[in-house]
Amino acid sequence: MNFTLKVWRQANETSRGSLETHSVTDVSPDISFLEMLDALNEHLESQGKDGIAFSHDCREGICGSCGLMINGRPHGGRKNTTVCQLHMREFDDHDVIVIEPWRARAFPVVKDLVVSRKSFEKVLQAGGYVSVRTGSAPEANSLPIAKEEADRAFLSATCIGCGACVASCKNASAMLFTAAKVNHLYLLPQGKVEHKRRVKNMVEAMDASGFGNCTNQAECSAACPKGITYDNITRLNREYLKSVFTT
Amino acid sequence: MELKSKAPGGVLADKWNNHKFAMKLVNPSNRRKFTVLVVGTGLAGASAAATLAEMGYHVKSFCIHDTPRRAHSIAAQGGINAAKNYQNDGDSIYRLFYDTIKGGDYRSREANVYRLAELSVNIIDHCVAQGVPFAREYGGLLANRSFGGAQVSRTFYARGQTGQQLLLGAYAAMNKEIAQGNIEMYTSHEMLDLIVKNDVAQGIITRNLRTGAIKSYIGHAVLLCTGGYGNVYYLSTNAKASNVTATFRAYKRGALFANPCFTQIHPTCIPVSGDMQSKLTLMSESLRNDGRVWVPIQKDDTRKPSAIPEAERDYYLERMYPSFGNLVPRDVASRRAKEVCDKGLGVGGTKLAVYLDFSNAIERMGAATIRGKYGNLFEMYERITGDNPYQTPMRIYPAVHYTMGGLWVDYNLMSTIKGLFVLGEANFSDHGANRLGASALMQGLADGYFVIPYTLSHYLATERPELIAETDPSVSEAETKAQADIAQLLAIKGSKPVDYFHRKLGRIIWDYCGMARNEAGLKKAFSLTKDLKEEFFSDVAVSGTATDLNASLEKAGRMVDYLEFSDVMLIDALERRESCGAHFREEYQSPENEARRNDDDFSHVAAWQYMGAGQTPKLHQEQLVFENVELTQRSYK
Ligand code: FES
């Protein structure tokens, strides 16, 4: 297969970026999108040119490193798929493919397609944990938890922190990211103890980190490669109001 | 140099308890005065950093990713073992110990393995308390499943994402400490060297991967939790950035590297599809609980799998191993798959694959049950291959997955350099010549949550190490060296990208030091890698600058270490003239092609000492003493 790529190049956070055009030829439909970029980079590097910087690591959809806007859609838009798992067979021969970094005020560009997601760390550090010291835990089966609840908590806990939710949102809000962690812990008895404080602190940290407000567009859950559902946000809103009015 | 395991004497079951009591403690008000450098934030590093910070130590944590949560432990799928015996199926700490030591083909230390089994139960308690959403039964209690190499159900899991959930638990614990200022977190920092003075570890040199800045950090102790070296094979299930650099550079500063030839090839991975393939994807071994492995009886059978009648299929694992069947340990399952493919019975385009078939299980339990158990794995398979495993069998083939070898450590997890501790996959200690499924997560967390807090405190309390000055010559020497290495790579300006060399090296090591090894092949590999090294240093193309985010430079630095490290691996494989666990030397096998161990001559840990550039490393042996288990030939028939 052959493609024309228009790739965002930007030297650093403060410099101006622009799209650069490359053609790639003879691409096997069975390779992944990132492997297609690898091939292009190998070609550039062997000519002494700078390769295109992009984040990646596990290449199996779980570490959350990768994340690209492909033709305006986070991770390329295939349902429940990170860009590292996207394969070229999903494209048509001779497609023009536009590749850009996440665009959000809270995610400044570091270089080319790499952005900084430090703002996510701030949100989790504000309360995304259960305060339990190593060594102080009770016997694991002393507290039965209904399977349905445990399964729901698991589904919220599968967030990989890639940032697709923020990138897809016209307000660049981190509501889905924050809600997923709040709900994961809220749905389990272990997390209930600190719940009120957690909700309040995490939402405040989110606002302070430069993320926009949620206006219920629900693009985030459509873009989430882990299929984290929008009702997480509904519950977060309810819990946040409760925490503000009862403390 | 004499290798002292420092394993305590006495009754096996009491060793750890007695040792804990015998070790010295650091007064809580004094802990703040000690700076501990923790490199790596996978399960071992994150759990150690969080726990030590909770105790009051001043922790500096370093990771190569933009956040600790991306360490490769995140990708572990199947589960974590613990001897809870919740299933009332005869499990016990002793049985988990026994299974692990037998699974490792009697090449690990009894005392370490017993401690691991003992701590397994605490890990589950702690992780549940952190809010790790393990799978549960309808009654609300924790669910278990069985896993390769065990006849009891002792594996705890969170669908196929157990590593993710455990790491997010440890990462959350770190976040709590980061927020309180007890952990200083350095993301996007790669360790380039270890600072050693008077044989004591004093700090590390790092490169900021975003800015290129080289900087030194001084501490009272250094913990390496930097994972394994599986990427020496280029293609593996490891993440792309997983590397041997931190441990190998510590080796060059005097830490011994133990059993580097023990590398685990995982039997159930998605087969290689083409030349540009950049990594391999594991399909959790738990699939072997319900999937049946087979190949056609006829060579070059081009029929669709569904068109091949039962009588013309060879369910070779069930045939050869009636009591364990599809659940034989990883090394056995991998070797048998290689064997059938070598005979030309492999399936798929490359003929390097066997079927893993769920049709019986789907008939028996229904597709919905199978989806509940393995849904995400089935989806992942379909995304990568385009095939739907509910309708057609998966194609699988072995792939490099885990490395049992690593830096040599004593019972206290301290290497041969004082003050340098090594945790998790980076050390060699608990899995012998083969690791059983669901025990990597267990070891990482046992080391970090429950072992190091005691043994590190003991070291600090008894040795009272002093911080060296930032101006010490050992610091500037290491910094200058790091800068010079980088300048050298950038100056080559050759014509071939780093991955060209990495692919070539991977191929050599896979062919000659992979699932089967022999003397002639290993010797050939030495000369091939020597040529490759020369070609690398004359023709590698490293673009960009030293003071910027530069993936090509990062890869080149790691590549230099793989090139040199591969020699240590080859010499270890050559010297170990026996077959044990994952190390299969073709010269040493039984008439039924099973591995033949040689306990008289090789019941030891082989630990290699760096002797200088271009010199053959020196072998040291730690004899393994078995007081409790009797060494038998493993049999899974
Ligand atoms: S590279 Fe890890 S999720 Fe894509």
Side-chain angles (χ1 to χ4, degrees), chain A residues 28 30-32 34-35 38-39 42 44-46 48-51 53 55-65 80-81 85 87 89 110-111 114 116-117 120-121 124-126 128-134 137-141 144-147 150 153-154 157-158 161 184-185 188 190-191, chain B residues 51 54 65-67 69-70 72 74-75 86 124-126 128-131 133-134 136-142 158-159 161 164-165 168 172-173 175-176 178-179 210 239-241 273-274 276-279 281 379-380 383-384 386 449 453 493 495-497 499-500 541 543-544 548-549 551-552:
Chain A
S28 152
D30 286 328
I31 68 172
S32 71
L34 299 187
E35 285 164 352
D38 288 343
E42 285 189 25
L44 292 173
E45 282 162 21
S46 54
K49 296 189 187 136
D50 266 12
S55 302
H56 66 97
D57 196 21
C58 73
R59 298 202 173 188
E60 49 185 88
I62 195 76
C63 75
S65 296
N80 293 344
T81 304
Q85 293 206 299
H87 284 68
R89 65 176 88 91
V110 175
K111 186 178 178 185
V114 178
S116 166
R117 287 166 285 196
F120 268 0
E121 302 297 290
L124 292 183
Q125 286 162 15
Y129 45 78
V130 175
S131 300
V132 50
R133 290 173 70 92
T134 305
E139 160 35 66
N141 255 352
I145 301 172
K147 178 170 165 42
F154 171 82
T158 56
H184 155 216
L185 296 173
L188 297 170
Q190 292 87 347
Chain B
T51 305
E54 272 171 20
H65 299 95
D66 62 338
T67 148
R69 69 185 293 165
R70 309 215 196 278
H72 191 54
I74 200 91
Y86 285 159
I124 300 303
D125 294 345
H126 185 58
V128 166
Q130 286 177 331
F134 283 119
R136 288 179 181 266
E137 292 167 352
Y138 280 103
L141 302 179
L142 292 158
R159 297 232 181 135
Q161 287 156 246
Q164 180 198 27
Q165 295 307 315
L168 292 182
N175 277 336
K176 169 169 69 89
I178 293 171
R210 294 267 154 103
K240 294 298 287 176
S273 72
M276 272 317 287
Q277 183 127 9
S278 59
K279 79 152 285 180
T281 302
E379 278 167 34
M380 177 145 90
R383 268 195 297 271
I384 293 173
Y449 282 134
K493 298 202 187 303
S495 68
K496 298 195 182 81
D499 280 344
Y500 162 87
S543 55
D548 190 10
L549 171 67
S552 154

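Chain letters run A, B, ... following the sequence lines, proteins first, then strands; residues in each count from 1. Only heavy atoms go into these numbers, but all of them, side chains included; no hydrogens, no water, no symmetry mates.
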S.K.: Hey, could you give me the CG/CD distance between D66(B) and E121(A), rounded to the nearest 0.5 Å?
M.R.: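 With rounding to 0.5 Å, CG (D66(B)) is 7.0 Å from CD (E121(A)).
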
S.K.: So which of G131(B), S278(B), A173(B) has the biggest tally of heavy-atom pairs under 4.5 Å with chain A?
M.R.: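 So the answer, after comparing G131(B), S278(B), A173(B), is S278(B).
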
S.K.: Report which part of V132(A) has an atom under 4.5 Å of a heavy atom belonging to chain B: side chain, backbone, both, or neither.
M.R.: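 For V132(A), backbone and side chain are both near chain B.
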
S.K.: How long is the gap from CD1 on I74(B) to CD1 on I62(A), to the nearest 0.5 Å?
M.R.: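 CD1 of I62(A) is found 6.0 Å from CD1 of I74(B).
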
S.K.: Please flag which part of K493(B) lies under 4.5 Å from any non-hydrogen atom of chain A: side chain, backbone, both or neither.
M.R.: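 Neither the backbone nor the side chain of K493(B) comes within 4.5 Å of chain A.
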
S.K.: Out of K279(B), H65(B), R383(B), M276(B), return the one with the most heavy atom pairs under 4.5 angstrom to chain A.
M.R.: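 Option with the top pair count is R383(B).
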
S.K.: For A150(A), is it the side chain, the backbone, both or neither that has a heavy atom under 4.5 Å from a heavy atom of chain B?
M.R.: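 Both backbone and side chain.
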
S.K.: Select, from A157(A), A140(A), A153(A), the one with the greatest count of heavy-atom pairs under 4.5 Å involving chain B.
M.R.: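 It is A140(A).
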
S.K.: Report which part of S28(A) has an atom under 4.5 Å of a heavy atom belonging to chain B: side chain, backbone, both, or neither.
M.R.: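 When you check distances to chain B, no heavy atom of S28(A) falls under 4.5 Å.
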
S.K.: So which part of Q130(B) gets closer than 4.5 Å to some heavy atom of chain A, the side chain, the backbone, both or neither?
M.R.: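 Both parts, backbone and side chain.
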
S.K.: Give a yes or no answer on whether the side chain of D57(A) reaches the backbone of H72(B) with a donor-acceptor pair at less than 3.5 Å.
M.R.: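 Not at all, since once roles are kept as given, no pair shorter than 3.5 Å links the two residues.
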
S.K.: Rounded to the nearest 0.5 Å, how far does CD of Q125(A) lie from CG of N175(B)?
M.R.: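 Answer for the CG-CD pair, N175(B) versus Q125(A), is 5.0 Å.
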
S.K.: What part of Q164(B) gets closer than 4.5 Å to chain A, counting heavy atoms only: side chain, backbone, both or neither?
M.R.: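 When you check distances to chain A, only side chain atoms of Q164(B) fall under 4.5 Å.
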
S.K.: May I ask you to test the V114(A)-R210(B) pair for a side-chain heavy-atom distance under 4.5 Å?
M.R.: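 A side-chain contact under 4.5 Å exists here.
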
S.K.: Sort out for me which of A158(B), A75(B), P497(B), P453(B) touches chain A most, counting heavy-atom pairs under 4.5 Å.
M.R.: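 Most pairs with chain A among the choices: P497(B).
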
S.K.: Under 4.5 Å between any side-chain heavy atoms of T67(B) and R117(A), yes or no?
M.R.: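 Heavy-atom side-chain distance check fails, nothing below 4.5 Å.
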
S.K.: Considering only heavy atoms, which portion of Y86(B) lies under 4.5 Å from any heavy atom of chain A: side chain, backbone, both, or neither?
M.R.: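 Interface part for Y86(B): side chain.
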
S.K.: Could you tell me whether the side chain of E35(A) reaches within less than 4.5 Å of the side chain of Q277(B), counting heavy atoms only?
M.R.: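 Q277(B) reaches E35(A) side chain to side chain.
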
S.K.: Please answer whether the main-chain N or O of E45(A) pairs with a side-chain N or O of S543(B) as donor and acceptor at a distance below 3.5 Å.
M.R.: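 Side chain of S543(B) to backbone of E45(A), a donor-acceptor pair under 3.5 Å: no, none is there.
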
S.K.: Which one, G48(A), P138(A), S32(A), leads in non-hydrogen pairs under 4.5 Å with chain B?
M.R.: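 Heavy-atom pairs under 4.5 Å are most numerous for P138(A).
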
S.K.: Which atoms form the tightest heavy-atom contact between L549(B) and A53(A), and what is the distance?
M.R.: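 Residues L549(B) and A53(A), closest heavy atoms: CD2-CB, 4.0 Å.
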
S.K.: What's the spacing between H184(A) NE2 and Q165(B) CD if we round to 0.5 Å?
M.R.: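 CD of Q165(B) is found 6.0 Å from NE2 of H184(A).
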
S.K.: Quick one: what part of L168(B) sits under 4.5 Å from any heavy atom of chain A, side chain, backbone, both or neither?
M.R.: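 L168(B) touches chain A through side-chain heavy atoms alone.
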
S.K.: Of the listed residues (L124(A), D30(A), L185(A), L188(A)), which shares the most heavy-atom pairs with chain B below a 4.5 Å separation?
M.R.: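 Highest number of pairs under 4.5 Å: L124(A).
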
S.K.: Which region of S131(A), side chain (C-beta onward) or backbone (N, CA, C, O), has a non-hydrogen atom less than 4.5 Å from a non-hydrogen atom of chain B, or is it both or neither?
M.R.: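 Both backbone and side chain.
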
S.K.: Taking side chain as everything from C-beta outward and backbone as N, CA, C, O, which of these in A241(B) sits under 4.5 Å from a heavy atom of chain A? Side chain, backbone, both or neither.
M.R.: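 Looking at A241(B), backbone and side chain both touch chain A.
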
S.K.: Under 3.5 Å, side chain of Q161(B) to main-chain N/O of T158(A), donor-acceptor pair present?
M.R.: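 Not confirmed, Q161(B) side chain does not pair with T158(A) backbone.
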
S.K.: Rounded at 0.5 Å granularity, tell me how far SG in C63(A) sits from CZ in R69(B).
M.R.: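 Output value for this atom pair is 10.0 Å.
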
S.K.: To the nearest 0.5 angstrom, please state how far the CD1 atom of I384(B) sits from the OG1 atom of T81(A).
M.R.: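 Rounded to the nearest 0.5 Å, the CD1-OG1 separation comes to 10.0 Å.
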
S.K.: Please classify the contact between I124(B) and chain A as side chain, backbone, both or neither, with a heavy-atom cut-off of under 4.5 Å.
M.R.: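 For I124(B), the contact with chain A is made by backbone and side chain together.
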
S.K.: Looking at A541(B), S273(B), A172(B), which has the largest count of heavy-atom pairs under 4.5 Å with chain A?
M.R.: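 Ranked by heavy-atom pairs under 4.5 Å with chain A, first place is A172(B).
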
S.K.: Which bit of I145(A) comes within less than 4.5 Å of chain B, counting heavy atoms only: side chain, backbone, both or neither?
M.R.: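 I145(A) touches chain B through backbone and side-chain heavy atoms alike.
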
S.K.: Find the one option among A239(B), S552(B), G386(B) whose heavy-atom pairs under 4.5 Å with chain A are most numerous.
M.R.: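 So the answer, after comparing A239(B), S552(B), G386(B), is A239(B).
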
S.K.: Closest heavy-atom contact between E60(A) and T281(B)?
M.R.: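 Minimum heavy-atom contact is CB-CG2, 4.3 Å.
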
S.K.: What are the two closest non-hydrogen atoms of N141(A) and L142(B), and how far apart are they?
M.R.: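 Taking every non-hydrogen atom into account, OD1-N, 3.1 Å.
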
S.K.: Please report the closest heavy-atom contact between S65(A) and R70(B), naming both atoms and the distance.
M.R.: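 Heavy-atom minimum between the residues: OG-CD, 3.0 Å.
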
